[in-house]
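In the text below, chain A, chain B and the rest are named by the order of the sequence lines, each starting its count at 1.
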Protein chains: 2
Amino acid sequence: MKINKKQACRIDLKQRILTLDIEPGTVLDETLLSRQYELSRTPLREVFQRLAGEGYLTLEENRGAKVSSMDIASMRNFFQSALLIYAAVGRLAAENATPRQIVALKSAQRSFRKAGENSDVFGMAMFNHSFHQIVGEMAGNAYLTPSLSRLLIDHTRMSQLFYKPKNTQEQQLIWTACDQHDQIIEAIEKREPAMVVELTREHWALSRDRIEKYVRPDPLPNDLDVDTPESKKHAI
Amino acid sequence: MKINKKQACRIDLKQRILTLDIEPGTVLDETLLSRQYELSRTPLREVFQRLAGEGYLTLEENRGAKVSSMDIASMRNFFQSALLIYAAVGRLAAENATPRQIVALKSAQRSFRKAGENSDVFGMAMFNHSFHQIVGEMAGNAYLTPSLSRLLIDHTRMSQLFYKPKNTQEQQLIWTACDQHDQIIEAIEKREPAMVVELTREHWALSRDRIEKYVRPDPLPNDLDVDTPESKKHAI
DNA sequence: TTGTTGATATTTGTATACAATTTGTATAAT
DNA sequence: ATTATACAAATTGTATACAAATATCAACAA
């Protein structure tokens, strides 16, 4: 029962970053964390290096580890490249998935749906992450997974924001996403790469629209014409 | 002039891996290397973790660091995904390259051509690596560069094998590759993404053909019909 | 020969002390 | 009041000693 503290630390830090428990841009305190995880600084720093390699952190000489930030530039890059990678990975997953992996994918999907039913935002984000990570494993292409992993880190962090259903319409979109997962599983099982690509495209479009909707919501009612005095209308 | 030993170690190890000075699959000896680089094991291990994150090494619990291997499976994956990434990165490079980066790219290309003129195989491989790495920086997309980097690691290692020109025809192909670099630079400078994609496609085709030619060379002359005695012909 | 066991050597992992660097703060000079 | 400078505190980086795990190999049994 002596489970590796270092590995536990790595997994927990990942989760805390993905769930925004540790926010983007946060500088990590070696001393504090080494006490929290009951590790000395040496192995903790090795964990940092590794997480940096996976894109969770960025390291700067003599300046500690920082959780990778999510600024405008990275959002732009994210939208620019996500579909390319997701589609390619989806295609390969359909070609190469093993029965064992399909079992794992179904399991993740069951957990995802259950989290959706319980309006468990964290659970949804994390199991959605697992789902797409498993699809990545199915593709089994070591040249594509690094990009996929980085996309998923930020995709999952964004999910934290927009998986909170604000109304029944948004709840409906979550069910749609969930159904798309089921369809993707089915297409992978049937070994239909083209179908998986098409479903992945749709799945991405839905996710993308949700994020855009969050970033640029419906404007508040514009009653300027009523409230603004004439003087202001002609000002400047 | 007190240049960081750790950083020097990281750069040198990368180079030794890329030039096949340390062969794929080699297990690295912490004690030996820490003496060679005049570092204690602690920072050396951090270098390992980082290089593992970048795809140069793979780490196994309680079993040291191994240089990433190049087996049949990875070759297949390489050919499957290289063009996708190279083309996407090329397109973005044309859109986003800064003047400073173009200067750096031209410098790498000059060094590459010079190495070619001197039949300097290492130089060619390394400056070709630099060239494409700079194109990656031009793209400036943190979600694509991880995959590009991994592709370049193995592409460069393969180059070590096939950049040795065996005859004038093969030498000619090197000049073609060199000219393609020039054309790519020109297209990037002119901000013509579609042109860069097309040139990248041609550049990749050339490289791919060279590798295939190396893996599956022209068969030796088949003179079995002449040499084989009648007895053997009818054996079994 | 093949395989198992256990002692020993080697290698890998961790804690801690210390060195180097950066950050913060108080005081002096302009 | 603002900038410089010097010193103190905190943080990051490295070396080393020790602990844990794994590999090696000889002795012995099947």
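Atom-to-atom, CZ of B/Arg50 to P of D/dG13 comes out at 11 Å; the value is rounded to the nearest Å. Taking atom NZ of B/Lys66 as the reference point, atom C1' of C/dT11 lies 17 Å away to the nearest angstrom. Between A/Glu60 atom CD and D/dT11 atom C1' there is a gap of 15 Å when expressed in whole angstrom units. Rounded to an integer number of Å, the gap from CD of B/Gln7 to C1' of D/dG13 is 14 Å. Computed from coordinates, the A/Arg63 CZ to C/dT23 C1' distance equals 10 Å when rounded to whole Å. Rounded to whole Å, the distance from CG on A/Leu32 to P on D/dA10 is 15 Å. For the pair A/Tyr37 OH and C/dT14 C1', the computed distance is 18 Å after rounding to whole Å. The distance between atom CD of A/Glu30 and atom P of C/dT14, rounded to the nearest whole Å, is 15 Å.
As judged by a 4.0 angstrom heavy-atom cut-off over every strand, A/Glu61 is placed among residues touching the sugar-phosphate backbone only.
A salt bridge links A/Glu54 with A/Arg50: the distance from a Lys NZ or Arg NE/NH1/NH2 to an Asp or Glu carboxylate oxygen falls below 4.0 Å.
OP1 or OP2 of D/dG13 has at least one side-chain nitrogen or oxygen of A/Arg45 nearer than 4.0 Å. For A/Lys6 and C/dG13, the shortest distance from a side-chain N or O to OP1 or OP2 is not below 4.0 Å. Between A/Ser40 and the phosphate of C/dA15, there is a side-chain N or O to OP1/OP2 separation shorter than 4.0 Å. An OP1 or OP2 oxygen of C/dT14 is reached within less than 4.0 angstrom by no side-chain nitrogen or oxygen of B/Arg41.
Judged by atom type and distance alone, B/Thr31 does not reach the base of C/dT11 through any side-chain donor-acceptor pair under 3.5 Å.
Taking the six-membered ring where tryptophan is involved, the planes of A/His181 and A/Phe112 are tilted, since the angle between them lies from 30° to 60°.
Nucleotides of DNA chain D nearest to A/Gly64 and A/Thr42 differ in position, and the one nearer the 5' end is that of A/Gly64. In terms of position along DNA chain C, the nucleotide closest to A/Leu39 lies nearer the 5' end than the nucleotide closest to the other residue of the pair A/Asn62 and A/Leu39.
The closest side-chain heavy-atom distance from B/Ile185 to B/Phe131 is below 4.5 Å. Using a 4.5 Å heavy-atom threshold, the side chains of A/Cys178 and A/Gln109 count as touching.
The ring of A/His129 has its center no closer than 6.0 angstrom to the ring center of A/His155.
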